[in-house]
Protein chains: 2
Amino acid sequence: MLHDLLVQNIEKHLQFSNTELDIICSYFKPKVIQKRDFLLTQGSICKFEGFVLEGCFRIFTIDKKGNESTLYFASKDWWLMDIDSFMNQIPSDLNIQALEDSKVLLISRSDKTVLYNQLPTIDKLFRIMSQKALVAWQRRLIRNHTLTAKERYLHFIETYPEIAYKLTDKKISSYLGITHEFLSKIKKLHKKE
Amino acid sequence: MLHDLLVQNIEKHLQFSNTELDIICSYFKPKVIQKRDFLLTQGSICKFEGFVLEGCFRIFTIDKKGNESTLYFASKDWWLMDIDSFMNQIPSDLNIQALEDSKVLLISRSDKTVLYNQLPTIDKLFRIMSQKALVAWQRRLIRNHTLTAKERYLHFIETYPEIAYKLTDKKISSYLGITHEFLSKIKKLHKKE
DNA sequence: TTGCATAGTTGAACTTGTTCAACTCTTTTA
DNA sequence: TAAAAGAGTTGAACAAGTTCAACTATGCAA
């Protein structure tokens with residue numbers, strides 16, 4: 001019940017027996033996060049990997065000049081973590097903040113190690129998931145290099161309408177890598193056409 | 001002998017027995033590529049995954065306006081492929097071109113499938129390699145959003161001096177996401193300081 | 001060795017995107 | 001429910017980066 005969405009998500013990538021799914025799910029503990037609360041803050045070490053059951057999160061960094069840059073958004077059925085901090089156990093550059101009241105399933109780093117040892121096929125699952133994520137990052141870099149800010153904006157709202165409608169323009173602009181003032185001007189000019 | 005560098009590279013990520021290493025290596029076939037020749041061209045489907053033994057490659061795309069955008073460079077001890085085209089068996093957006101006479105080890109898609117079945121721990125190897133690659137992409141996106149063109153240039157030549165010295169400024173600029181004229185101006189102003 | 005293609009430089013005009021400040025509108029909190 | 005904080009808009013001045021064109025330098029092939 002609680003783990004239904006997780007099971008569905010996993011089975012999109014790889015088939016498991018019910019026994020295996022039960023083992024996997026047993027390590028993922030539910031956690032409720034209130035709007036505006038943080039699951040991870042810049043400077044601390046990421047000790048979990050998470051899967052979103054309800055709500056929406058923003059994963060972002062604040063640079064020396066104080067500008068926010070959003071890496072990605074994670075709503076229902078998305079995974080979230082700082083993989084850099086989680087893998088290398090170094091202080092994170094990222095903040096993970098709930099944009100609304102949310103519910104996640106978390107697996108701790110130590111439990112993930114146990115799971116890898118207990119169920120070797122889990123490597124295949126995360127191998128496939130990581131490779132799909134690599135494809136997404138590669139495509140995003142190409143878009144960042146070849147599209148204008150306006151094209152990137154239109155691509156974003158067309159590709160992720162269910163996420164975009166929840167977001168303020170300030171947050172969308174920080175994902176696109178532009179200022180919110182400029183996004184406002186893009187939208188104004190776009191309407192006139 | 002031929003596979004020594006590959007073995008060393010693999011063992012940086014995960015330990016294998018000699019028997020296992022022999023199996024893995026048996027699927028990687030050497031191929032010599034001459035300067036300026038292509039290992040993959042835009043529009044064709046990527047049927048291999050490669051590891052560079054000698055030389056240097058550029059992985060880039062050409063957009064509708066005719067502008068080149070470089071995803072990355074791969075010299076000795078680097079992996080190279082279009083993971084998007086390889087995984088999804090769709091026409092590639094990328095070109096992989098030798099910048100000098102080069103030598104690679106290639107594993108075909110079908111052999112990789114055989115290898116995954118024959119040696120399940122190979123999933124763990126590629127899981128780890130993919131996760132490290134994800135870390136690199138994540139860091140690059142943050143740099144692209146938070147650093148100026150000049151800062152990105154300095155970061156690149158400091159981080160990859162052995163690659164950078166082989167490259168023309170035109171190729172470096174297409175990696176940084178700026179025009180080669182602008183890179184020329186950046187370098188001029190930088191020298192004066 | 002000449003000639004041709006490619007790489008790099010520079011300047012001027014231009015476009016894209018930023019900064020700052022002022023203002024309006026909406027949402028949150030006391 | 002008032003006030004404060006945050007989100008969005010707009011304009012003007014500015015900075016970052018592009019485009020185009022002309023030129024120089026370098027490497028490569030006949």
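Note on naming: letters A, B, ... go to the chains in the order of the sequence lines (proteins, then strands), and numbering restarts at 1 for each one.
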May I ask whether A:Leu141 and B:Trp79 are part of the same hydrophobic cluster, defined by side-chain heavy atoms of I, L, V, M, F, W, Y residues being less than 4.5 angstrom apart, directly or through others? no
Thinking salt bridges, do A:Asp37 and A:Lys31 make one under a 4.0 Å N-O criterion? no
Contacts of type side chain to side chain contact (heavy atoms under 4.5 Å, CB included), residue A:Pro120, not counting sequence neighbours: none
In this structure, how many angstroms lie between the C1' atom of C:dT15 and the CG atom of A:Leu189, rounded? 13 Å
Contact list (N/O, under 3.5 angstrom) for nucleotides 25-30 of chain D vs protein:
none

For A:Ile157, side chain to side chain contact (heavy atoms under 4.5 Å, CB included) partners two or more places apart: A:Tyr153, A:Leu154, A:Ala164
Rounded distance in Å - NE2 (B:His190) to C1' (C:dT9): 18 Å
Going by side-chain hydrogen bond (donor to acceptor under 3.5 Å, both in side chains), name the residues that satisfy it together with B:Tyr27, two or more places apart in sequence or in a different chain. B:Gln118
State which residues pass side-chain hydrogen bond (donor to acceptor under 3.5 Å, both in side chains) with A:Asp111; sequence neighbours excluded, sorted by chain then number. none
Can you list everything that forms a salt bridge (Lys or Arg N to Asp or Glu O under 4.0 Å) with A:Arg139? Sequence neighbours excluded, please. B:Asp84
For nucleotides 16-21 of chain C, list the nitrogen or oxygen atoms of the protein found under 3.5 Å from its nitrogen or oxygen atoms, one pair per line.
unit_1: C:dT18; atom_1: OP2; unit_2: A:Thr179; atom_2: N; d: 3.0
unit_1: C:dT18; atom_1: OP2; unit_2: A:Thr179; atom_2: OG1; d: 3.1
unit_1: C:dT19; atom_1: O4; unit_2: A:Lys185; atom_2: NZ; d: 3.3

Which residues share a side chain to side chain contact (heavy atoms under 4.5 Å, CB included) with A:Asp93, sequence neighbours left out: A:Thr61
Just by distance, do the side chain of A:Arg127 and the backbone of B:Ser130 share a donor-acceptor pair under 3.5 Å? no
Return each pair, listed once, that meets ring pair (Phe, Tyr, Trp, His ring centres under 6.0 Å) where at least one residue sits in residues 159-181 of chain A; pairs must be two or more places apart or across chains. A:Phe73-A:Tyr175, A:Trp78-A:Tyr160, A:Phe156-A:Tyr160, A:Phe156-A:Tyr175
Angle of first-five versus last-five pair axes in the helix from C:dT1-D:dA30 to C:dA30-D:dT1, to 10 degrees: 50°
How does the hydrophobic cluster around B:Phe38 look, that is, which other residues are in it when side-chain heavy atoms under 4.5 Å mark a link? B:Phe60, B:Ile62
Has A:Lys76 got more than 12 heavy atoms of other residues, nucleotides or ligands less than 6.0 Å from its NZ? no
B:Arg140 NZ/CZ over B:Tyr72 ring centroid, <6.0 Å and within 45° of normal: no
With the threshold set at under 4.0 Å for non-hydrogen atoms, list the residues of residues 161-172 of chain A touching DNA chain D in residue-number order. A:Thr168, A:Asp169, A:Lys170, A:Lys171
